[in-house]
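What follows is a short report on a single structure.
Chain A is the first sequence line, chain B the second, and so forth, proteins listed ahead of strands; every chain is numbered from 1.
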2 protein chains.
Amino acid sequence: MSTRTDIALRAIRRLAETKREAGAGLAAALDVTPTYLARILSPLVRSGWISSKQGPSGGYALSCDPGDLSVLDVIEAVEGPVDSGHCVLRDTNCSSASPCSMHDAWSRARDALTKELRATPVAACTQGRST
Amino acid sequence: MSTRTDIALRAIRRLAETKREAGAGLAAALDVTPTYLARILSPLVRSGWISSKQGPSGGYALSCDPGDLSVLDVIEAVEGPVDSGHCVLRDTNCSSASPCSMHDAWSRARDALTKELRATPVAACTQGRST
DNA sequence: TGAATCCTTGACTCAATAAATCAAGAATAA
DNA sequence: TTATTCTTGATTTATTGAGTCAAGGATTCA
């Protein structure tokens, strides 16, 4: 998992408490720069899970219920779609018709993983460290 | 998954057929250099799953039943232990006592993944492409 | 012993990607 | 208008996996 996803999850947790907060304060709380935070949050804004407003008294606000948002949603927004079609092997053009040596085993394993992440709401996983 | 693991799995499949083969021939069949193959296979040799012998009439041979070897075994040998203790986050020192924001959710997901890979014997996953 | 064969490994290069930053710019409230 | 705040293209740095090179050790056979 990427550190960006971790930052995004911690940002969501904090927004669930502060209701609305400017990027500067939020970034300071998460110990990242405001610009970097904006970059991480932008796909979540585009997805509609977080709302942003520019100008004075602007900032970020949660626009969804963290109980209805899955960890998989956040991962896919921040890191891009999981892309079940393409294989885990790097430069391999692997398909069901011409599978790599791991195709079946890994497909099952990945399904197990994504199923678990899809079933986990963000609200259930943001109880971690506070910094 | 790494390409090294893929190469290792294909090497095991071939060794299951050829019984014993020099690295040069095996490497040619897998389309990698002998040196690179040796590097990939060395941890499997140390683990005792493959035996190697130097000198003329030497080479590699399978010293275990591919039905008793799990995909997880190979992955951990080639890529290093999955390290359930350490977190998925990069430079984070995360533990149960001081968990990161994803600790619980990811632990469950990883358990689901490793369980699947542990239950898959190498013999069941090496039916993929031949090159 | 000597030579050919074969595996092992430390050090290294290269490429791809994630992480993080900078600065210019657009939106908005007062 | 002005101060505030988010947005984003371009760039830089750090990390990691992939793959190579060359020297060296082990073993067989003549």
B:Leu37 CG to C:dT9 P, straight-line distance once rounded to whole Å: 14 Å
Residue whose nearest DNA chain C nucleotide is more 5′ - A:Ser57 or B:Tyr60: B:Tyr60
Sugar-phosphate, base or nothing in reach of B:Ser52, heavy atoms under 4.0 Å: sugar-phosphate
Euclidean distance, atom CZ of residue A:Arg20 to atom P of C:dT28 [Å, nearest integer]: 12 Å
Over all atoms of both residues, closest heavy-atom pair of A:Pro43 and A:Val78: CG-CA, 4.4 Å
Whole-Å distance separating the OH atom of A:Tyr36 from the P atom of D:dT7: 16 Å
5'-most by nearest nucleotide on DNA chain D - A:Arg39 or A:Lys53: A:Lys53
Distance test, side-chain N/O of A:Thr3 to OP1/OP2 of C:dA20, below 4.0 Å: yes
Rounded interatomic separation in angstrom, taking CG from B:Leu26 and C1' from C:dT5: 16 Å
Residues A:Arg14, A:Glu21: salt bridge by 4.0 Å N-O rule: yes
Nearest listed nucleotide, side chain of B:Pro56, among D:dT8, D:dT27, D:dA18: D:dT27
Nearest heavy atoms of A:Ala77 and A:Trp49, plus distance in Å: CB-CZ3, 3.8 Å
Integer-rounded Å distance: D:dC6 P and A:Leu44 CG: 15 Å
Taking every non-hydrogen atom, the tightest pair across A:Ser51 and A:Ser63: N-OG, 3.7 Å
Pair A:Asp73-A:Ser70, side-chain donor/acceptor within less than 3.5 Å: yes
Touch class at under 4.0 angstrom, heavy-atom based, for A:Ala22 against every strand present: sugar-phosphate
Residue whose nearest DNA chain C nucleotide is more 5′ - A:Gln54 or A:Thr33: A:Thr33
Touch class at under 4.0 angstrom, heavy-atom based, for B:Thr35 against every strand present: base
Value in whole Å for how far the P atom of D:dG19 lies from CZ of B:Arg4: 8 Å
Whole angstrom value for the distance that separates C1' of C:dC7 from CG of B:Leu41: 11 Å
